[in-house]
2 protein chains.
Amino acid sequence: MGASYRQFCPVAKAMELLDERWTLLLVRELVTGSQRFNDLRRGLPRMSPSLLSKRLHQLVAAGIVDKQVEGNDVRYVLTPAGAELRQVVESVGTWGVRWIGTLGDEDLDPKLLMWDMHRNVDLSAVDDPPEVVHFVFDDVRGRSRRWWIVIEPDETDVCDIDPERPVSVTVTSGLRDLTRVWRGDTTWERAVRSGALRIEGPTTLRRAVPAWFPPTGLASVVRPA
Amino acid sequence: MGASYRQFCPVAKAMELLDERWTLLLVRELVTGSQRFNDLRRGLPRMSPSLLSKRLHQLVAAGIVDKQVEGNDVRYVLTPAGAELRQVVESVGTWGVRWIGTLGDEDLDPKLLMWDMHRNVDLSAVDDPPEVVHFVFDDVRGRSRRWWIVIEPDETDVCDIDPERPVSVTVTSGLRDLTRVWRGDTTWERAVRSGALRIEGPTTLRRAVPAWFPPTGLASVVRPA
DNA sequence: CGGTATCCCCGTCGATACTG
DNA sequence: CAGTATCGACGGGGATACCG
């Protein structure tokens, strides 16, 4: 646990927990719905497993997370106290999206982007699954250049190796461009229009893609003029 | 500035700034209205001046604070971006007051309590200033035992030495008891009724005291059942 | 899959003193 | 009042390897 501020103020008491590195991002993952250790890791790829383990213990000790073990199955679930941290995550995210527009190159991560997009696919918007969306980042070299998001009727997977299934649509762009679309800094439409992003495939499907990856909560936050 | 999380997520980008120790408490002070270096210090007594200086520089660099110098007069004022952090401070405080009820002895601080109370006096509720409220913490020894809050028509001061002015009301309690009242963990009325807190003076004034120190925003947050 | 164990470095923070 | 200077300790956390 972080050092005490020695203040009775509720903000101080809360921050003793929340100002530790990674803690609120872990809560964000839990709020998003991840419950398993390795799913949490995927959302926090730069966090070491030992630190993740430590933070989970701290959150359990603080009454924010409940560790539910059933045989081999381990799940970390937010308690009522933890669930209310959603308001904190949202207010922080809203502020961040409004006032920190600039992303450094080191903030861009294809794997993380694909992981986040795939878990937010709107299955109800996909008329005729399965669909396979192939992403190509034309400014990335190596294994992270090409990705496939496979949308089944009731689940979605992401692959970094060719699943060898018929591709419905191919999306080609710079990594930063798709990231900005996903964050809501711009729209699919504007990105396509400007040439930053290309969608290839049958017209109906091309038009449907944006609906499969709908703006998440923070993406629709109004930006300052 | 804190280390990068290497994530495009707005929550991560925001927390790179906000998860550093003391930062959000400093923002809280600015949101509360303090603008001068030494006033900020009073609200953050355990923060070293060099660290306060460093954090202010960081906030200025981040576009959250504007340093306004006019001759000898230096003021730190929130920018529009900084002002919007009020939502973050409030959501964190709301969560804290609801889910972290337990205060350690080390969280209690008479000087900080008096500083916070004196700056939140509701002058409009004081019918016939000046009034002098004398506080006695019967479980504290030494210089921090006795305090005076002097309410003038248009300003309020706090003293730890006898101002030698006629005392209107004397409030006697344990340090924890008054802290809990001020935080809204209990009410003036309940504290008096239980005997934890004693108010002495003319009846009219005794009855008026709670209105002079009205519950601040967080104090009125509903607690979980 | 679901974690522990270890190890060491580097940076933060705290304390204190001091200046214009 | 409004800060800067210095300095040392400590421990957080990053990396990596490993276990059940």
Side-chain angles (χ1 to χ4, degrees), chain A residues 1-7 12 15-27 29-30 34-62 65-77 106 109 112 115 157-158, chain B residues 1-7 12 15-26 29-30 34-62 65-77 106 109 112 115 157:
Chain A
M1 201 118 30
S4 167
Y5 282 116
R6 317 268 215 111
Q7 295 203 177
M15 287 309 284
E16 288 175 11
L17 279 163
L18 303 180
D19 73 359
E20 286 198 299
R21 190 162 163 76
W22 291 110
T23 299
L24 203 69
L25 300 196
L26 172 52
V27 171
E29 289 303 301
L30 292 161
S34 292
Q35 299 187 328
R36 323 183 68 103
F37 194 86
N38 283 311
D39 282 346
L40 294 168
R41 287 199 65 182
R42 280 184 255 280
L44 303 165
R46 314 210 42 106
M47 186 181 192
S48 77
S50 52
L51 188 54
L52 172 56
S53 174
K54 178 180 176 184
R55 285 286 181 274
L56 284 169
H57 281 290
Q58 290 178 304
L59 292 181
V60 169
V65 165
D66 187 26
K67 178 174 183 174
Q68 300 179 350
V69 185
E70 291 184 18
N72 262 354
D73 195 65
V74 182
R75 288 173 187 277
Y76 297 94
V77 182
E106 73 277 9
D109 181 337
L112 185 55
W115 169 255
D157 287 318
V158 58
Chain B
M1 202 118 30
S4 169
Y5 282 114
R6 314 270 214 114
Q7 294 203 180
M15 287 310 284
E16 288 175 11
L17 278 163
L18 303 180
D19 73 0
E20 285 198 298
R21 191 162 162 76
W22 291 110
T23 299
L24 203 69
L25 299 197
L26 172 51
E29 288 302 301
L30 291 161
S34 291
Q35 299 188 327
R36 322 183 68 103
F37 194 87
N38 283 311
D39 282 346
L40 294 167
R41 288 199 66 183
R42 279 183 256 280
L44 303 165
R46 313 207 48 104
M47 186 180 192
S48 77
S50 50
L51 189 54
L52 172 56
S53 173
K54 179 180 176 184
R55 286 286 181 274
L56 284 169
H57 279 290
Q58 290 177 305
L59 292 181
V60 169
V65 165
D66 188 25
K67 178 174 181 174
Q68 299 179 351
V69 185
E70 291 184 18
N72 262 354
D73 195 66
V74 181
R75 286 172 188 276
Y76 295 94
V77 182
E106 74 276 9
D109 181 336
L112 185 55
W115 169 255
D157 288 318

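Fair warning: this is a prediction, and the values are worked out from it, not measured in the lab. Within every chain, numbering begins at 1; the chains are lettered A, B, ... in the order of the sequence lines, protein sequences first and strands thereafter.
In this structure, A/Lys54 reaches the D/dG12 phosphate: one of its side-chain N or O atoms is under 4.0 Å from OP1 or OP2. Checking the phosphate oxygens (OP1, OP2) of D/dA2, a side-chain nitrogen or oxygen of B/Arg36 falls inside 4.0 Å. Contact annotation: A/Tyr5 side-chain N/O to C/dC13 OP1/OP2 distance is not under 4.0 Å. Distances shorter than 4.0 Å separate some side-chain N or O of B/Trp22 from OP1 or OP2 on C/dG14. Regarding contacts with the backbone of C/dG3, a side-chain N or O of A/Lys67 is found under 4.0 angstrom from either OP1 or OP2. For the OP1/OP2 pair of D/dC1 and a distance below 4.0 Å, the side-chain nitrogens and oxygens of B/Arg41 include no atom meeting the criterion. A close approach under 4.0 Å does occur between a side-chain nitrogen or oxygen of B/His57 and OP1 or OP2 of D/dT4.
Within 4.0 Å of A/Arg55, counting heavy atoms only, lie sugar-phosphate atoms of the nucleic acid but no base atom.
Counting only heavy atoms from C-beta outward, the side chains of A/Glu29 and A/Asp39 never approach each other to under 4.5 Å. In this structure the side chain of B/Asp19 never reaches within 4.5 angstrom of the side chain of A/Leu24, judged on heavy atoms. Using a 4.5 Å heavy-atom threshold, the side chains of A/Gln7 and B/Asp109 count as separate.
Atom CD of A/Glu20 is separated from atom C1' of D/dG13 by 10 Å (rounded to the nearest Å). Straight-line distance from the CD atom of B/Gln35 to the C1' atom of D/dC1: 15 Å, rounded to whole Å. Taking atom CD of residue B/Glu16 and atom P of nucleotide C/dT12, one finds them 13 Å apart after rounding to whole Å. Rounded to a whole Å, the CG atom of A/Asp39 is 10 Å from the C1' atom of C/dC1. Atom OH of B/Tyr76 is separated from atom C1' of D/dG3 by 8 Å (rounded to the nearest Å). The CZ-P distance, from B/Arg6 to D/dG13, rounds to 17 Å in whole Å. Rounded to an integer number of Å, the gap from B/Asn38 CG to D/dT4 C1' is 14 Å. Rounded to whole Å, atom C1' of D/dC1 lies 17 Å from atom CD of B/Gln68.
Listed by chain and number, the residues in a side-chain hydrogen bond (donor to acceptor under 3.5 Å, both in side chains) with A/Arg55 are A/Thr23, A/Gln58 (sequence neighbours excluded).
Listed by first then second residue, pairs satisfying salt bridge (charged side-chain N to carboxylate O under 4.0 Å, His left out) with a partner in residues 65-74 of chain B read B/Arg36-B/Asp73, B/Asp73-B/Arg75, not counting sequence neighbours.
A pairwise comparison of heavy atoms in A/Ala3 and A/Glu16 identifies O-CG, 3.8 Å as the closest pair.
With hydrogens and angles ignored, the 3.5 Å screen pairs a side-chain donor or acceptor of B/Tyr5 with a backbone N or O of A/Trp22.
Within residues 42-53 of chain A, the residues approached by DNA chain C to less than 4.0 Å at the level of any non-hydrogen atom are A/Arg42, A/Pro49, A/Ser50, A/Ser53, in residue-number order.
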